[in-house]
Amino acid sequence: MKEKIYIGVAWPYANGSLHLGHMAGCYLPADIFARFCRMNGKDVLMVSGSDEHGTPITITAEKENTTPQAIADRYNKEHTENMKQFGISFDLFTRTTTENHKKVVQDLFLTLYKNKYIYRKSVESFYCEKCKRFLPDRYIEGTCPYCGNENARGDQCDECGKILDPQDLQNAKCKICGSSPKIRTSEHLFLALSKFESKLLDWISDKGHWKSSVMKFTKNWLENGLKDKAITRDMEWGIKVPVEGFEDKRIYVWFDAVTGYLSASKEWSQNLGNPDKWEEWWKNKQAKHYYFLAKDNIPFHSLIWPSMLMGYDESLELPYDIPANEYLTLSGEQFSKSRGVAVWVPDILEKFDPDAVRYYLSINMPENKDTNWTWEDFVTKNNNELVGTYGNFVHRTITFTQKNFGEIPKQGILSNFDKEALEKIEAASKEVSDALEKCNFKIGLRSAMNLSQFGNQYFDQNQPWNLIKEDEERCAAVLHICLKIVTALSVLMAPYLPFSSDKIWNMLGHKDSVHIANWDDALSELNVGCPLEKPKPLFEKLSLKDIMAEADPFSNLDLRVAKVVEVKDHPDADRLYILQVDLGDLGKRVLVAGMKPYYSKDELTGKNIVIVTNLKPATIRGVKSDGMLLAAGGGTDTVVLLNPGDAKPGSAVFIEGIPKEPVSVLEFEDFKRIKMTVDEKQQIKYKEKTLHGEKGPIVTDKTVEKGVNVS
RNA sequence: AGCGGGGUGGGGUAGCCAGGAGAUCCCGACGGGCCCAUAACCCGUAGAUCAGUGGUUCGAAUCCACUCCCCGCUACCA
């Protein structure tokens, strides 16, 4: 029987689009690994799906005046499509709102309950009477009892870093509606994680092949002792708790989501008309289970999910490896929807070849530490490595052969150099394969790239363009070797660059897809005599300028909240103030602003305002202004500041859906072209989208007429 | 605060767990070659006391201790 490989990939939460962090974090590595395994004759089952329950989705639904299911439907559809476009080769990408999933989750839950791994316990938690729901810790805000920060969350205070219980907060408020929640007692069901400690310790004892970060994290949790965790919630959106007396409660989303690994396997079997087929992976000691996810998700997969499986059915396979990645950052910042830092997958798929993106994400994968996505580096690596080294070698070889021979020429007498080339192919195939077996994706890709660099060297030194005039037979022989390198590359690159590999494979006269080819076909003989067609270049060069120009000009802006520290009169101007503002971690700055007719010094001091931080500094009447504040009002009659609420100084101001990629210096001309206006709710609109800060929409400081400009 | 990861030529990175000659690769800079190829490719040169300090050792980027600096996680962000 073929070796069974199960690949579970973290379930994306269906409350927003996918961004490149998701791709680099788990979907791309999982896909590369899956494709590689399939080419090596393994029987792969790779599943995932949308995680569709939980509070955030219900809140989005309320905001948009629709149902949670509608939100889940929207993003499930988008995610499914994006995965396909990006070439992520799931055997099944499903969702947590299917009947099958519900059944599997409830069965697992009930079995754990019967096996005494789930028990009842009363807890006190906050209930918001206005929103009519119990509030998750993150949705409660109040004053931190330790440092006095007024914006501490129920789970933790961001200022002092202390971990809190919501009950610790003073003046607790509902983050959604702002009213004061009341404490209510409610009975919940808890998963007895503590009962699994010794079994888990035993289980991880032979996991020496795990990444050190995964192992350390896991061990650390175990050493501190596992805390039992509540796995029910008082809400409506979710899977019903199949225990008497708990009919009104729902199963906590993470319990629900990880169970997807099992339910999706079953669904896949049913779709196949062979409902027990999943057991070949799950009830098979020879099967290896891999889970791909990013670092935030480690304990769920290394501790909680294994515990659930152990408590449910001893015969089920546990994870073999959890090659968790670190994070991809965007110009040094973590991807975050709420802070407006992201490159969205739907956007990127519209603009770029998925293989180009896959290349950059693979060669720059956050395998061992966070890595940075920059547009500049993306363009450089695309142009120099993907296009220059790899694409060019393939293209020059096939073009030259086609032009001069029209078909794949036969092998000649092997020179020493030829032999070296054949050895290189073999070595590269082994190197890539060794690396991929260990989930070392960057090393594998680098090895494949080295082979294409060797191809270029071989081509250069043999000078077929001269040979064709002098020694046609030798020329044919050289090209034959080059084409063998091309063949090998299309196989070795197939896990990474599935679309272009397939094209090359077909150019070389193969009727089928490279994805049903075998890894050993990297070394296969060529179809000598097979006619060649004039090739088109595989990849395109990119221009950083075009990319930047295509982006919305708003992306170039760096808007931030600033707190006015000090206001002075400008010595040589009637209308100007000199403000010193605090940008938190970004330090302090001096701005010159014409606010004297509209605001007194006292009014301004201590106020939170919105400023442009990356505007080219200007000297105004002899004083350098390092930035500009945003205000609403066109003429001289009224000018009012923008009010970001009590957002942190230095925090970002952004528009959802427009990626924030500020240029280092923004020309004033470019800034002037960005038209923002005030709407009837006193919110700020740009292209009908609303300007946000970390505390929600930005509004004007005082009421002004609808439609006035912001500048 | 606790925990985890990281700091390697101008930028980015490999090597570190299993210590050994001039420290890897990509980009960039400089010089040269080639002209088949998407102004792509190839060759060569310069550039790093491997964050710092101390230790173990015949020998340390690698092991140990301490210090500094970045980043992340802390149980619903991949």
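Owing to the predicted nature of the structure, the values given are computational and were not obtained by experimental measurement.
Here B:C77 is the nucleotide among B:C77, B:U38, B:C42 with the atom lying nearest to any side-chain atom of A:Asp296. Closest to the side chain of A:Tyr327, out of B:C25, B:C36, B:G72, is B:G72. Nearest nucleotide to the A:Asp460 side chain, out of B:C27, B:U13, B:C42: B:C42. In this structure, the nucleotide among B:G72, B:C36, B:C77 sitting nearest to the side chain of A:His22 is B:C77. Which of B:A37, B:C27, B:U38 sits closest to the side chain of A:Phe539 comes down to B:U38. Candidate nucleotides B:A75, B:C42, B:A78 were compared by shortest atom distance to the side chain of A:Cys26, and B:A78 ranks first.
Neither OP1 nor OP2 of B:C41 sits under 4.0 Å from any side-chain N or O of A:Gln457. The phosphate of B:G12 has neither OP1 nor OP2 within less than 4.0 Å of any side-chain N or O from A:Lys381.
Rounded to whole Å, the distance from NE2 on A:His79 to P on B:C77 is 15 Å. In this structure, A:Leu293 places its CG atom 14 Å from C1' of B:C73, rounding to the nearest Å. Between A:Ile398 atom CD1 and B:U38 atom C1' there is a gap of 14 Å when expressed in whole angstrom units. A straight line from CG of A:Asp377 to P of B:G10 spans 17 Å, rounded to a whole angstrom.
The partner of B:C66, taking Watson-Crick or G-U wobble pairs whose two distances both stay under 3.5 Å, is B:G52. Shown here, B:A1 forms a base pair with B:U74; the pair counts as Watson-Crick or G-U wobble because both key distances fall under 3.5 Å. For B:G44, the paired nucleotide is B:C30, the pair qualifying as Watson-Crick or G-U wobble because both relevant distances are below 3.5 Å. The nucleotide B:C16 finds no pairing partner, because no Watson-Crick or G-U wobble arrangement with both distances shorter than 3.5 Å includes it.
The aromatic ring centres of A:Phe86 and A:Tyr27 sit 6.0 Å or more apart. A centroid separation of less than 6.0 Å is found between the aromatic rings of A:Phe378 and A:Phe352.
With respect to A:Lys484 and A:Asp418, no salt bridge is recorded, no charged nitrogen being found less than 4.0 Å from a carboxylate O. Ion pairing between A:Glu431 and A:Lys424 fails under the 4.0 Å rule for side-chain N and carboxylate O.
No engagement by A:Thr397 is indicated, since no non-hydrogen atom pair under 4.0 Å with the nucleic acid exists. Within the 4.0 angstrom heavy-atom criterion, no nucleotide atom of any strand lies near A:Leu18. Within the nucleic acid shown, A:Phe459 comes within 4.0 Å of at least one base atom, counting heavy atoms only.
Under the stacking definition used here (centres under 5.5 Å, planes under 30°), the residue A:Phe400 fails to qualify as stacked on the base of B:C36.
Here the side chain of A:Tyr291 pairs no donor or acceptor atom with the backbone of A:Ser302 at under 3.5 angstrom.
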